[in-house]
2 protein chains.
Amino acid sequence: MERIKENSTNNHNRKFLTTCDMTYAIQLIGGRWKLLILTHLSKGKLRFGELNKKIPHITERMLTLQLKEMAEDNLITRKVYAEVPPKVEYELTVLGTELIPVCLQLSDWGTKHRAATSIG
Amino acid sequence: MERIKENSTNNHNRKFLTTCDMTYAIQLIGGRWKLLILTHLSKGKLRFGELNKKIPHITERMLTLQLKEMAEDNLITRKVYAEVPPKVEYELTVLGTELIPVCLQLSDWGTKHRAATSIG
DNA sequence: CAGTATCCGTTCTGATACTG
DNA sequence: CAGTATCAGAACGGATACTG
């Protein structure tokens with residue numbers, strides 16, 4: 001039974017359940033890295049290499065993939081400078097910026113939760 | 001990779017990167033369903049079957065797994081009544097309740113984003 | 001510098017059938 | 001009612017080598 005498969009809109013083929021706004025949002029910020037990337041960009045535009053340094057364990061491949069998806073989803077912009085060596089800057093869009101409060105709340109909650117459960 | 005911890009509270013072996021609180025939080029609420037479950041429980045305790053009805057596309061298997069993890073992570077409580085037929089109620093803990101603002105913000109953002117990108 | 005391409009193992013998720 | 005058990009496919013994520 002393959003009921004919720006559709007959405008393959010030519011430019012990217014990720015699937016979205018359209019049941020509710022939160023599920024939709026979760027699709028966009030899911031995975032281990034996107035909220036982290038967003039948080040780092042909240043302080044201003046950054047280059048690929050700068051992000052790579054600020055996010056300790058991410059691989060170049062994952063960073064590339066996540067940035068690409070986020071740009072497609074209009075969370076960030078990607079600006080390429082016609083220089084040698086290449087220079088690419090990433091910056092939050094308005095929509096991306098509006099997600100920052102969520103990032104901060106979640107981070108705060110993480111701090112509290114870790115304290116409360118004495119795991120960290 | 002440095003510092004990957006086994007959460008050694010005996011009964012589950014999920015790993016947590018301790019890089020930052022947000023990464024930690026993402027581990028706990030990751031996946032497609034947990035924030036959704038949390039949102040539904042924010043209105044009060046619910047039985048397994050009630051949750052199953054309120055969350056349209058989830059399978060019993062996924063609901064079971066997610067509830068189990070959330071209980072282990074102290075986001076919800078699981079109360080079993082010694083009755084026939086069985087009755088189990090799930091309820092938010094204090095920590096789980098503190099996550100509700102995040103759920104609401106994310107949901108609001110989802111609404112706005114879907115409108116802005118005209119996908120929904 | 002900022003990526004791509006390829007390979008491959010792990011984790012996640014769904015379908016289906018069964019149970020105390 | 002509230003789960004378990006099992007299987008299989010999809011998605012995720014890492015390692016490595018290569019490029020405009």
Side-chain angles (χ1 to χ4, degrees), chain A residues 1-8 12-17 19 23 26-37 45-72 76-91, chain B residues 1-2 4 6-7 12-17 19 23 26-37 45-71 76-91:
Chain A
M1 207 145 115
E2 46 184 288
R3 31 183 186 197
I4 317 161
K5 281 242 174 153
E6 303 326 316
N7 161 279
S8 300
H12 62 88
N13 53 3
R14 285 181 293 145
K15 292 170 234 123
F16 298 105
L17 292 171
T19 27
T23 302
I26 290 170
Q27 303 283 329
L28 296 189
I29 52 82
R32 301 226 259 277
W33 306 112
K34 287 183 185 176
L35 288 181
L36 212 48
I37 293 169
K45 63 181 71 165
L46 288 172
R47 298 178 62 174
F48 185 87
E50 293 173 323
L51 275 169
N52 203 186
K53 270 175 213 142
K54 283 173 182 285
I55 303 178
H57 305 296
I58 199 168
T59 59
E60 288 183 358
R61 191 182 93 96
M62 286 313 297
L63 186 52
T64 302
L65 290 174
Q66 304 286 284
L67 288 170
K68 187 177 172 190
E69 286 189 357
M70 289 164 74
E72 287 170 353
I76 61 175
T77 57
R78 180 176 188 271
K79 186 170 182 184
V80 185
Y81 293 83
E83 300 176 359
V84 177
K87 175 178 171 183
V88 182
E89 284 181 342
Y90 295 91
E91 189 173 9
Chain B
M1 278 247 223
E2 86 241 59
I4 294 179
E6 294 277 331
N7 177 352
H12 68 88
N13 54 1
R14 283 183 294 147
K15 289 171 237 123
F16 299 104
L17 289 172
T19 27
T23 302
I26 289 170
Q27 303 284 326
L28 296 189
I29 52 82
R32 301 227 260 277
W33 305 112
K34 286 182 183 176
L35 289 181
L36 209 48
I37 293 170
K45 63 181 72 165
L46 288 173
R47 299 178 61 174
F48 184 87
E50 293 173 323
L51 276 168
N52 203 185
K53 271 175 212 141
K54 283 173 183 287
I55 303 177
H57 304 296
I58 199 170
T59 59
E60 288 183 358
R61 192 181 94 96
M62 287 313 297
L63 186 52
T64 302
L65 290 173
Q66 304 285 282
L67 288 169
K68 188 178 171 188
E69 287 189 356
M70 290 165 74
I76 61 174
T77 57
R78 180 176 188 271
K79 186 171 182 184
V80 184
Y81 293 83
E83 299 177 0
V84 177
K87 175 179 171 181
V88 181
E89 284 182 342
Y90 295 91
E91 190 173 9

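Within every chain, numbering begins at 1; the chains are lettered A, B, ... in the order of the sequence lines, protein sequences first and strands thereafter.
Nearest-nucleotide positions on DNA chain C for B:Leu65 and A:Gly49 put A:Gly49 closer to the 5' end. Comparing B:Lys68 and B:Lys53 by the nucleotide of DNA chain D whose heavy atom lies nearest to each, the residue mapping closer to the 5' end is B:Lys53.
Going from atom CD1 of B:Ile58 over to atom P of D:dG3 covers 12 Å, rounded to whole Å. To the nearest angstrom, P of D:dA5 lies 16 Å from CE of B:Met62. Atom NE2 of B:His57 and atom P of C:dC12 are 22 Å apart (whole Å). Rounding to whole angstrom units, CD of residue B:Glu89 and P of D:dC1 are separated by 15 Å. As rounded to whole Å, 14 Å separates atom P of D:dG3 from atom CD of B:Gln66. C:dC1 atom C1' lies 14 Å from atom CG of A:Leu67, rounded to whole Å. In this structure, the CD atom of A:Glu83 is 15 Å from the C1' atom of D:dG20, given to the nearest Å. The interatomic distance linking B:Arg78 (CZ) with D:dC1 (C1') rounds to 12 Å, in whole Å.
Within 6.0 Å of NZ on A:Lys87 lie more than 12 heavy atoms contributed by other residues, nucleotides or ligands.
If you take NZ on A:Lys68 and OH on A:Tyr90, they are separated by 10.5 Å, rounding to the nearest 0.5 Å.
Relative to the side chain of A:Glu60, the nucleotides C:dG3, C:dT13, D:dA15 differ in distance, and C:dG3 lies closest. Residue A:Arg47 places its side chain closer to C:dC1 than to any other of D:dG3, C:dG3, C:dC1. Checking C:dC1, D:dT6, D:dG3 against the side-chain heavy atoms of B:Tyr90 singles out D:dG3 as nearest. Of all nucleotides listed (D:dA2, D:dC1, D:dA15), D:dA2 comes nearest to the side chain of B:Val88. Closest to the B:Arg61 side chain, of the nucleotides D:dG13, D:dC7, D:dC1, is D:dC7. The listed nucleotides are D:dC1, C:dC1, C:dG14; the one nearest the side chain of A:Pro86 is C:dC1.
In this structure, the side chains of B:Arg47 and B:Leu51 stay at 4.5 Å or more apart for every pair of heavy atoms. For the pair A:Ile55/A:Trp33, a side-chain contact is recorded, criterion being any heavy-atom separation below 4.5 Å from C-beta on. A heavy-atom distance below 4.5 Å is not found between the side chains of A:Glu89 and A:Phe48.
Look at C:dA15: its Watson-Crick or wobble partner, with both distances under 3.5 angstrom, is D:dT6. Taking a pair to require two hydrogen-bonding distances under 3.5 Å in either a Watson-Crick or a G-U wobble arrangement, C:dG20 pairs with D:dC1.
Within the structure, a side-chain polar atom (N or O) of B:Arg32 is placed less than 4.0 Å from OP1 or OP2 of C:dG14.
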